[in-house]
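Here the structure is laid out as structure tokens; the discussion comes afterwards.
A note on names: the letters A, B, ... follow the listed sequences, proteins ahead of strands, and every chain is numbered from 1.
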There are 2 protein chains.
Amino acid sequence: MRIDMPVAAQIRQRLARRIAGEISLSDQPGRVMRQWREMFHIPQIQLAESLGVSPSVISDYESGRRQSPGTKTIKRFVETIITLDEHNGGQVVNAFQRLMGVDIPTSIILDIREFNQGVSATALLESIRAQVVAGEEALDREVLGYVVVDTTKALDVLSSNGFLKLFESTGERALILVNASTGRSPLITIKDDFKPSLFVLHGVEKLDYLAIELANRERVPLAVSRMESIEGMLRKLQILGKYAPNEKT
Amino acid sequence: MRIDMPVAAQIRQRLARRIAGEISLSDQPGRVMRQWREMFHIPQIQLAESLGVSPSVISDYESGRRQSPGTKTIKRFVETIITLDEHNGGQVVNAFQRLMGVDIPTSIILDIREFNQGVSATALLESIRAQVVAGEEALDREVLGYVVVDTTKALDVLSSNGFLKLFESTGERALILVNASTGRSPLITIKDDFKPSLFVLHGVEKLDYLAIELANRERVPLAVSRMESIEGMLRKLQILGKYAPNEKT
DNA sequence: GCAAATTTACGCTAATTGACGAACTTTTTC
DNA sequence: GAAAAAGTTCGTCAATTAGCGTAAATTTGC
């Protein structure tokens, strides 16, 4: 009987199939291609270079000038973005591994990444100007990665079970919830066993008292970021990922 | 919070993505298209009609004259075969549901189907001219579907864990193993909890004594089919599926 | 073993892709 | 606030797809 395929190769394959499937089934394949390219933080120029084509080609696809790219194109595209990520430590592919079983729609995830080495919770919070409001006693942790979720969209699209699964799959990582008006609805879903090791809210208008209580009870640090824009926060996280963990920004 | 998507729609979507992904990532997309069309038991002619194109078009794809079909083509193809199956009771889509979590390569599965209503174990065995050799006492069952696996390929491709998962996912169905030279290797993998409710071997040269012992111990009926060809057996099963369960063939 | 059903092979046409490159706009960065 | 980086738009062109239809080949059903 054959030996198991290396786990890494298996994940790679499954993710590749998923991306390829999404592109093929979409009415706007170019849009999906852009989503994934951005998820992988690859500029058009770099992608074009790796593919050996001119940057305008990428733009033409993404903008929809090509409405029905062929399998050859899709295949090259998918394999290239995954390979580029692997050369970079596999930060995105590895982060996706934990979401694979869950079947969470990509659209709610604004960013996701696995650090090459753990980052202290405080360093992460500092970099995105977040203030701790509960669960301080559990702050001496290292987080292994993060997921940024659009809370509004998530509430719209995810079933309560889906939410729970998202939490479970984020264990030992930071879960960053943007557009979290009160922070109540997501925090309510916390359950004993598996949960993120750090919650960050962004876009909070009026923090809910229950959210604070729940975080304290579950001993999860809860923080609120005061960054002006989501984009700014994503940029900070990206930088953190690049230089993790031995530099402070 | 939103209500869950109907389970059926979810499965449909996941299967669609999987098929689309496989096609897009293949070096011979046409070959994969054929595999799936055959898995769904849809003749080219019928598929062509549903797609509103001429049958030669399908053949051209499958034979590889079109080497890189576009997303539009793939999308239409996938959605059409799934819809056709649904109009037919969803026999294939439902059968695949149970394999979805497992990630078993399609190539080892020669046929798969969920009956619209249960079929008695004896009727199934009769239809493919199979003789019971062990576990007779558990023959008064209904089976809800079947999976036909190419044992040689499976041993080649599947890890032992994959084999176990295959068994688990076949619970209450018949597992039909073709190219099963002695029947030993697969039977060894049986574990207590979840297992097929009926084993059928085909292409046995010399049945292994251990296979019989294990089947008796685990109280699973084990039978050996005497059909000449695999194709013949698949045809019989197909007919059984069509007229299940109130007719004897 | 013949008729019917299914699949293949292929020439042909129109539409689209896949690609370039140059000029231009937008976004970052210092 | 200028320079650099990143992304867009679009005219152009060869190669390929997506499609039809017909004749030939193959498979299946009685």
OP1 or OP2 of D:dT8 under 4.0 Å from side-chain N/O of A:Ser59: yes
B:Gln97 and B:Glu114: CA distance, side-chain angles, deciding distance, side chain to side chain donor-acceptor pair (under 3.5 Å) verdict: CA-CA 10 Å; B:Gln97 175 186 3; B:Glu114 197 77 358; over 6 Å; no
Gap between atoms CG and C1', on B:Leu234 and D:dT27 respectively (whole Å): 16 Å
Straight-line distance of B:Ile112 CD1 to B:Asn94 CG, nearest 0.5 Å: 10.5 Å
From B:Arg31 atom CZ to B:Ser26 atom OG, the distance as rounded to the nearest 0.5 Å: 8.5 Å
Distance, rounded to the nearest Å, where B:Glu49 contributes CD and D:dG19 contributes P: 16 Å
Check: A:Ser24/B:Ser24 side-chain N/O donor and acceptor closer than 3.5 Å: yes
Rounded (10°) bend between the five-pair end axes of the helix from C:dG1-D:dC30 to C:dC30-D:dG1: 70°
B:Tyr61 and B:Val53: CA distance, side-chain angles, deciding distance, side-chain contact (heavy atoms from CB on, under 4.5 Å) verdict: CA-CA 12 Å; B:Tyr61 280 112; B:Val53 301; over 6 Å; no
A:Ile45 CD1 - D:dT8 P separation (whole Å): 11 Å
Salt-bridge present (A:Arg12, A:Glu79; N to O < 4.0 Å): no
Close side-chain approach of A:Val93 and A:Phe40, heavy atoms under 4.5 Å: yes
Residues A:Glu22 and A:Thr106: side-chain donor-acceptor under 3.5 angstrom: yes
Atom pair distance, as rounded to whole Å: CD1 in B:Ile239 and P in D:dC30: 9 Å
Summary of protein contacts for nucleotides 18-30 of chain C, nucleotide by nucleotide, where a base hit scores B, a sugar-phosphate-only hit scores S (4.0 Å, heavy atoms): BBBBB--------
Nucleic acid contacts of residues 18-31 of chain A, taken as heavy-atom distances under 4.0 Å to DNA chain C: none
Atom-to-atom span, CD of A:Gln46 to P of D:dA6 - whole angstrom: 9 Å
Gap separating the OG atom of A:Ser229 from the NE2 atom of A:His202, nearest 0.5 angstrom: 6.5 Å
A:Ile230 CD1 to A:Asp111 CG distance, which is reported to the nearest 0.5 Å: 12.0 Å
